[in-house]
Number of protein chains: 2
Amino acid sequence: MKIEAEASSRAKILFEATRIAQAHGYSGLNLRNLAQQVGIKAASLYYHFPSKADLAAAVARRYAEDSVATLEALSLEASDAETCLRRYPETFRRSLENGNRICLCSFMAAEYDDLPSEVQTEVQAFADGNIAWLGKMLQLTGMKRQHAQTRAYAIFAAVSGAQLMARGRADIGLFDSIIESYRVAGLLRGENTT
Amino acid sequence: MKIEAEASSRAKILFEATRIAQAHGYSGLNLRNLAQQVGIKAASLYYHFPSKADLAAAVARRYAEDSVATLEALSLEASDAETCLRRYPETFRRSLENGNRICLCSFMAAEYDDLPSEVQTEVQAFADGNIAWLGKMLQLTGMKRQHAQTRAYAIFAAVSGAQLMARGRADIGLFDSIIESYRVAGLLRGENTT
DNA sequence: ACCTGAACACCGTTCAAGT
DNA sequence: ACCTGAACACCGTTCAAGT
């Protein structure tokens, strides 16, 4: 109770900020808008977060943590590594389903050079978490460590690109067919390559 | 002579605006900065372009045209379609070589929903030009039209993603190894798939 | 024909002040 | 403990005015 009430305003800020950042990126995250969404004034945001940079870093950190948790859940639920790899794009698909939004950190990756360093750190952490998980799955299929690592980067980059493209066209079917094309080419599989 | 002098200021604006947009995107394109780079005041930009949106659209249009021209040159120069496909990522690599910049239109794709519609149109045209060229090359390798079209989207999305990722890490070697990984998987080849 | 200073409504941020 | 109005330097844009 106490905790809920205490976290209420802060939690609301984080929630709305995540939605806005997913749709408009860091530079599109407008504090006056955000405050209005939350029901307070822009100046009041500074009671909860020292700056826009810190707020965005908090948003990105929570997003990265959720993402890793989702992947862990997938690898516990799925029977084998190949299934995990095949289903990996689902996590990216869900953002598109949810109002043509986009993976927060892939989005911010475009603005990367202009992000405050605290935010850069969290965006990196998100990507690293995904890549580590992919690398682990690929090794489970029998791929050598070095090869698995490179392939993990490739899958992450390719799926991010597909999401970005599908969002631009506002066409989730395009996401599906690009992913299917990756599968056909063999990008989302484990051992079947050199 | 006359033409050169006439175009001089406008050309300078387009040139500098392209550089800035490649590094910071549309929302990062600051008119006061741009004007200073050109050697005029921000208000003077409005003599040459009616708005930031029109300026950015002009930048994107020229960029898209150059890109198609580069691809045409490649397909004339290269001996066969497979070579063209293998060399396609070079056009994206060059932006990274040039100061860790990024394909203007892939960059803008992240901001897509917030772009003025004139700019959206040009970004689409860029992507469509690339995809059409890729589709043609893929068909030349014997791929069926429908399959080639989907694969063209996939290649474009994957290479864009690789560029974005490599830029975030400021590591052109990462771009190369991701592309190599695509090749190994078979994504950048023609007929070798179902 | 080309450029400018001053002004507008907007942004992130600060801070003294309110409850 | 939590919020606010007013102010700051900044943004895109307009416009009357300069040469």
Side-chain angles (χ1 to χ4, degrees), chain A residues 1-21 23-60 108 111 113-120 122, chain B residues 1-21 23-60 108 111 113-120 122:
Chain A
M1 282 296 181
K2 176 120 184 298
I3 293 166
E4 286 237 1
E6 204 176 324
S8 169
S9 211
R10 200 177 192 274
K12 215 165 175 178
I13 293 170
L14 280 174
F15 178 78
E16 294 295 343
T18 303
R19 286 182 64 83
I20 297 173
H24 307 288
Y26 179 78
S27 70
L29 177 58
N30 178 316
L31 297 194
R32 280 175 173 88
N33 277 357
L34 170 60
Q36 195 181 347
Q37 219 90 294
V38 176
I40 57 178
K41 299 293 169 184
S44 309
L45 293 170
Y46 286 79
Y47 174 74
H48 299 280
F49 298 93
S51 70
K52 177 175 171 176
D54 281 271
L55 165 58
V59 165
M108 285 184 170
E111 308 175 277
D113 281 8
D114 294 319
L115 292 178
S117 62
E118 314 94 285
V119 186
Q120 284 183 343
E122 301 304 331
Chain B
M1 285 293 182
K2 177 116 182 300
I3 293 166
E4 286 236 3
E6 205 175 323
S8 168
S9 210
R10 199 177 193 275
K12 215 165 176 179
I13 293 170
L14 280 174
F15 179 78
E16 294 295 344
T18 304
R19 285 183 64 83
I20 296 172
H24 307 287
Y26 178 79
S27 69
L29 176 59
N30 177 317
L31 297 194
R32 282 176 172 87
N33 276 358
L34 171 60
Q36 195 182 346
Q37 220 88 296
V38 176
I40 57 179
K41 298 292 168 184
S44 310
L45 293 171
Y46 287 79
Y47 175 75
H48 299 280
F49 297 93
S51 70
K52 177 176 171 177
D54 281 271
L55 165 58
V59 165
M108 286 184 171
E111 309 175 277
D113 280 9
D114 294 320
L115 292 177
S117 61
E118 314 94 284
V119 186
Q120 285 185 342
E122 302 304 330

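Atom set for the values below is all heavy atoms of this structure, side chains included, hydrogens, waters and symmetry mates excluded.
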**Report entry** Residues A:Asp114, A:Tyr26; criterion side chain to side chain contact (heavy atoms under 4.5 Å, CB included); working and verdict
**Finding:** CA-CA 9 Å; A:Asp114 294 319; A:Tyr26 179 78; over 6 Å; no

Query - Watson-Crick or G-U wobble partner of D:dA1, both distances under 3.5 Å - result: C:dT19

Query raised in the report: Which part of the nucleic acid, if any, lies within contact of B:Leu55, taking any heavy atom under 4.0 Å across all strands shown: a base, the sugar-phosphate backbone alone, or nothing?
Result: nothing

Query raised in the report: To the nearest Å, how far apart are B:Gln36 CD and D:dG12 P?
Result: 13 Å

Requested in this report: Rounded off to whole Å, could you give me the CZ-to-C1' distance for the B:Arg10 and C:dA1 pair?
Outcome: 15 Å

Query raised in the report: Rounding to a whole Å, what distance do you find between B:Asn33:CG and D:dC11:P?
Result: 6 Å

Query raised in the report: Hey, which of these two, A:Arg32 or A:Ile40, hits DNA chain D nearer its 5' end, going by closest nucleotide?
Result: A:Ile40

Query raised in the report: Is any side-chain N or O of A:Asn30 closer than 4.0 Å to OP1 or OP2 of C:dC10?
Result: no

Report summary line: Correct closest heavy-atom pair for A:Gln120 and A:Leu115 would be NE2-O, 3.6 Å

Query - G-U wobble or Watson-Crick pairing nucleotide for D:dT14 (cut-off 3.5 Å, both distances) - result: C:dA6

Query raised in the report: At under 4.0 Å, does any side-chain N or O of A:Ser44 touch on OP1 or OP2 of D:dT4?
Result: yes

Query - Any B:His48 side-chain N or O less than 4.0 Å from OP1/OP2 of C:dA1 - result: no

Query raised in the report: Please give, in whole Å, the distance from C:dT13 C1' to A:Leu31 CG?
Result: 9 Å

Query raised in the report: OP1 or OP2 of C:dC3 less than 4.0 angstrom from a side-chain nitrogen or oxygen of B:Ser9, does that happen here?
Result: yes

Query raised in the report: What heavy-atom pair brings B:Tyr46 and B:Ser51 nearest, and what distance separates the two atoms?
Result: CE2-CA, 3.9 Å

**Report entry** Least distance between heavy atoms, A:Ala21 atom then A:Met108 atom
**Finding:** CB-CE, 4.4 Å

**Report entry** Nearest to side-chain heavy atoms of A:Ala43, which nucleotide of C:dT13, C:dT14, D:dT14
**Finding:** C:dT14

Query raised in the report: So, for B:Leu45 and B:Leu31, which heavy atoms are closest and what is the spacing to 0.1 Å?
Result: CD1-O, 3.5 Å

Requested in this report: Look at A:Lys41 and D:dC3 and indicate whether a side-chain polar atom (N or O) is within less than 4.0 Å of OP1 or OP2.
Outcome: no

Report task. Remember a base hit wins even if backbone is also touched, and classify A:Leu34 as base, sugar-phosphate or nothing at under 4.0 Å, heavy atoms. Result -> nothing

Query raised in the report: Could you state the CG-C1' distance from B:Leu45 to C:dT4, rounded to the nearest angstrom?
Result: 12 Å

Query raised in the report: Would one find a side-chain N or O of A:Tyr47 under 4.0 angstrom from OP1 or OP2 of D:dC3?
Result: no

Report task. Figure out the CG/C1' separation between B:Asp54 and D:dG12, and round it to whole Å. Result -> 13 Å

Query - Separation of atom CZ in A:Phe49 from atom C1' in C:dT14, rounded to whole Å - result: 18 Å

Query raised in the report: To the nearest angstrom, how far is B:Tyr46 atom OH from D:dA16 atom P?
Result: 17 Å

